[in-house]
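Just so it is clear, the structure is predicted and the values come from calculations on it, not from any experiment. By convention in this document, chain letters (A, B, ...) are assigned in the order of the sequence lines, proteins followed by strands, and residues within each chain are numbered from 1.
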Amino acid sequence: MPELPEVEGVVRAFAPEAIGRTVSDITVSDIVIESKAQGREAIIKGMSTADFIQQMKKMTIVNVTRRSKYIYMNLQKGNNDYLLVSHLGMSGAWFVVNSIDEVSELKFRRHIHVIFTMEDGGLLVYSDIRRFGELRLLNVEADHPPLLKMAPEPFDEIAHSHFLDLAQLPKYAEKPIKEVIMDGQVISGCGNIYATEALFKMKIHPTRKARRISLKRKTELFYVIVDILQESIDAGGSTISDYRNINGESGGMQNRLKMYGRKVCLNCETDTKSVRIAGRTSVYCPKCQR
DNA sequence: AGCAGCGTCCGGCCGC
DNA sequence: TGCGGCCGGACGCTG
């Protein structure tokens with residue numbers, strides 16, 4: 001599943017392919033059209049399929065950046081600016097191809113839901129096996145208020161003090177630390193994989209209450225998360241389950257994970273345990289993590 | 001007002 | 001082999 005490092009990899013590969021190109025036409029899968037027609041918010045969020053198709057035509061992609069786990073595509077049409085926000089959910093993937101036959105893996109080719117045909121004839125293809133992803137066309141970021149509530153980028157200077165300020169708030173005091181570090185308003189981009197890794201490295205039990213961790217240890221935890229995110233970016237992200245980079249490329253971080261998905265602790269060979277925190281499975285070593 | 005809890009968006013995959 | 005249940009980012013709704 002794509003977290004911040006995986007999205008960063010997508011953006012780095014996608015941006016040079018997409019910037020400067022103009023959308024000629026949009027094709028939406030029958031499945032999404034039908035789901036939307038029944039009133040569900042399937043992939044295309046906040047507007048009808050017809051409106052999305054109509055508005056996206058003639059849009060020129062002028063920039064592609066990452067914000068937390070979101071891909072932000074700055075668009076222009078005439079004198080107006082727009083923002084297309086793409087979240088990959090559990091299984092979203094972008095492909096830059098000349099024909100959908102070039103989407104080589106069957107399971108991605110079978111779940112192509114939005115095709116952007118560009119004026120030069122090329123295709124920007126959005127595939128999403130489980131349809132948890134989103135495409136949201138906005139005028140400005142503020143038109144979707146939850147985006148404004150995201151924590152700063154973890155690599156920004158202010159991210160550390162922001163993290164400490166929020167993590168010390170009474171409303172987080174009794175929460176499991178893993179839930180706190182996976183809250184995108186506290187620190188952005190840290191999902192299940194990297195939260196699991198950071199807590200293992202810090203030898204902190206995932207259910208430990210936030211208030212039971214000193215300010216000093218919280219600071220250390222913050223920088224461990226940042227370091228792991230950076231290490232993963234450098235490794236090309238983790239290719240787990242349905243995550244692929246542009247055009248199906250895999251990353252290398254999955255081979256460097258020390259706890260996520262493990263049955264046995266690498267430090268002490270104790271069997272790992274798992275517990276559900278905030279609805280998600282959390283793996284930990286009962287001996288190393290306290 | 002703010003928040004906890006749950007439903008929603010799904011198909012791959014696992015275990016029986 | 002067939003099938004029920006599990007899994008999960010982030011938002012929206014409800015109480």
Would you say [X] has more than 12 foreign heavy atoms packed within less than 6.0 Å of its [atom1]?
X: A:E157; atom1: CD; value: no
X: A:D120; atom1: CG; value: yes
X: A:E174; atom1: CD; value: yes

Exercise: identify the closest heavy-atom pair between A:N192 and A:T281 = ND2-O, 3.0 Å

note = What one should report as the nearest heavy-atom pair of A:P286 and A:K273 is CG-CG, 3.9 Å

query = Are A:H87 and A:F132 close enough that their ring centres sit under 6.0 Å apart?
reply = no

key: Ring centers of A:W94, A:F116 separated by less than 6.0 Å   = yes

Nearest whole Å is fine: how far is [N] [atom2] from [X] [atom1]?
X: A:H111; N: B:dC9; atom1: NE2; atom2: P; answer: 18 Å
X: A:I187; N: C:dG9; atom1: CD1; atom2: C1'; answer: 16 Å
X: A:L166; N: B:dG2; atom1: CG; atom2: P; answer: 14 Å
X: A:K149; N: B:dA1; atom1: NZ; atom2: P; answer: 13 Å
X: A:L88; N: B:dC9; atom1: CG; atom2: C1'; answer: 15 Å
X: A:D128; N: B:dC10; atom1: CG; atom2: P; answer: 10 Å
X: A:E179; N: B:dC3; atom1: CD; atom2: P; answer: 13 Å
X: A:I181; N: C:dG9; atom1: CD1; atom2: C1'; answer: 15 Å

Rounded distance [0.5 Å steps], [atom1] in [X] versus [atom2] in [Y]:
X: A:E134; Y: A:L84; atom1: CD; atom2: CG; value: 9.5 Å
X: A:D183; Y: A:K178; atom1: CG; atom2: NZ; value: 12.5 Å
X: A:I53; Y: A:I33; atom1: CD1; atom2: CD1; value: 6.0 Å

query = A:R276 side chain N/O closer than 4.0 Å to the phosphate oxygens (OP1, OP2) of C:dG8?
reply = yes

ask   = Can you tell me if the side-chain N/O atoms of A:T281 get under 4.0 Å from OP1 or OP2 in C:dG8?
value = yes

note = Per-nucleotide protein contact along nucleotides 10-15 of chain C, 5' to 3', at a 4.0 Å heavy-atom cut-off (B base, S sugar-phosphate only, - neither), is SSS---

ask   = What pairs of residues pass the salt bridge (Lys or Arg N to Asp or Glu O under 4.0 Å) test when at least one of them lies in residues 57-84 of chain A, not counting sequence neighbours?
value = A:E8-A:R66, A:D25-A:K57, A:R66-A:E153, A:R67-A:E153

message = Checking contacts here: which listed nucleotide (B:dG12, C:dG9, C:dC7) is nearest the side-chain heavy atoms of A:R130?
response = C:dC7

Distances under 3.5 Å between protein N/O atoms and the N/O atoms of nucleotides 4-6 of chain B, please, pair by pair.
none

key: Of A:R110 and A:K45, the one whose closest DNA chain B nucleotide lies more 5'   = A:K45

query = So how far off straight is the helix from B:dC3-C:dG15 to B:dC16-C:dG2, going by the axes through five pairs at either end, to 10°?
reply = 50°

note = Sorted by chain and residue number, the ring pair (Phe, Tyr, Trp, His ring centres under 6.0 Å) partners of A:H205 (sequence neighbours excluded) come out as A:Y284

inquiry  = Under the criterion of centre distance below 5.5 Å and interplanar angle below 30°, is A:F132 classified as stacked on the base of B:dC9?
reply    = yes

task = Under 4.0 Å from any atom of DNA chain C, heavy atoms only: list the residues of residues 33-40 of chain A that qualify, in numerical order.
result = none

key: Pair A:E41 + A:K36: basic N to acidic O under 4.0 Å   = yes

Pair A:K216 + A:E220, salt bridge at N-O below 4.0 Å = yes

